[in-house]
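Since the structure comes first, as structure tokens, the remarks are kept for the end.
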Amino acid sequence: APSDSRIAYIDTANGRTQLMLMTLPSKTLKVLITSDFGERISTPVFLDEDHLIFAKRQSPGKESLFQYSIPVSYTHLTL
């Protein structure tokens with residue numbers, strides 16, 4: 001995050017990708033989103049302290065950008 005208080009990253013678990021959030025300095029982890037089988041989440045970037053943008057491949061050849069709001073745990077399609 002811009003304030004260096006959070007880190008967003010991608011993890012894999014059980015064949016799925018997960019958008020993760022680590023809060024510093026406590027190193028508390030939170031799963032924000034878990035993909036379905038056959039989907040892939042990638043490239044999380046903070047837009048500001050409370051919003052992320054990330055790519056999600058939902059089927060071969062179809063990749064979209066999504067925005068995630070951390071305070072309300074809400075995702076919506078951006079592009």
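What you see is a predicted model, and the numbers here were worked out from it, not measured in a lab.
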Report all side-chain donor-acceptor pairs from residues 37-49 shorter than 3.5 Å, counting only partners two or more places apart or in another chain.
residue: Glu39; atom: OE1; partner: Asp36; partner atom: N; Å: 3.1
residue: Glu39; atom: OE1; partner: Lys56; partner atom: NZ; Å: 3.4
residue: Asp48; atom: OD1; partner: Asp50; partner atom: N; Å: 2.9
residue: Asp48; atom: OD1; partner: His51; partner atom: N; Å: 2.9
residue: Asp48; atom: OD1; partner: His51; partner atom: ND1; Å: 2.9
residue: Asp48; atom: OD2; partner: His51; partner atom: ND1; Å: 3.3
residue: Glu49; atom: OE1; partner: Ser3; partner atom: OG; Å: 2.9
residue: Glu49; atom: OE2; partner: Ser3; partner atom: N; Å: 2.7
residue: Glu49; atom: OE2; partner: Ser3; partner atom: OG; Å: 3.1

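For the atom pair Met20 CE and Lys30 NZ, the distance stands at 11.0 Å (nearest 0.5 Å). In this structure, CD on Gln67 lies 4.5 Å from NE2 on His76, to the nearest 0.5 angstrom. In this structure, the separation between CZ on Arg16 and OG1 on Thr34 is 7.5 Å, given to the nearest 0.5 Å.
Using a 4.5 Å cut-off between side-chain heavy atoms of Ile, Leu, Val, Met, Phe, Trp and Tyr, with links allowed through other members, Val31 and Tyr9 fall into the same hydrophobic cluster.
Within the 4.5 Å cutoff, the side chain of Ile7 has no heavy atoms near those of the Leu21 side chain. With contacts defined as side-chain heavy-atom distances shorter than 4.5 Å, the pair Leu52/Leu19 qualifies.
For the side chain to side chain contact (heavy atoms under 4.5 Å, CB included) test, residues two or more places apart in sequence or in another chain that qualify with Thr75 are Ile33, Phe54, Phe66, Tyr68.
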- Query: So Thr17 and Ser35, side chain to side chain donor-acceptor pair (under 3.5 Å) or not? Walk me through it.
  - Reply: CA-CA 5 Å; Thr17 53; Ser35 68; 3.1 Å; yes
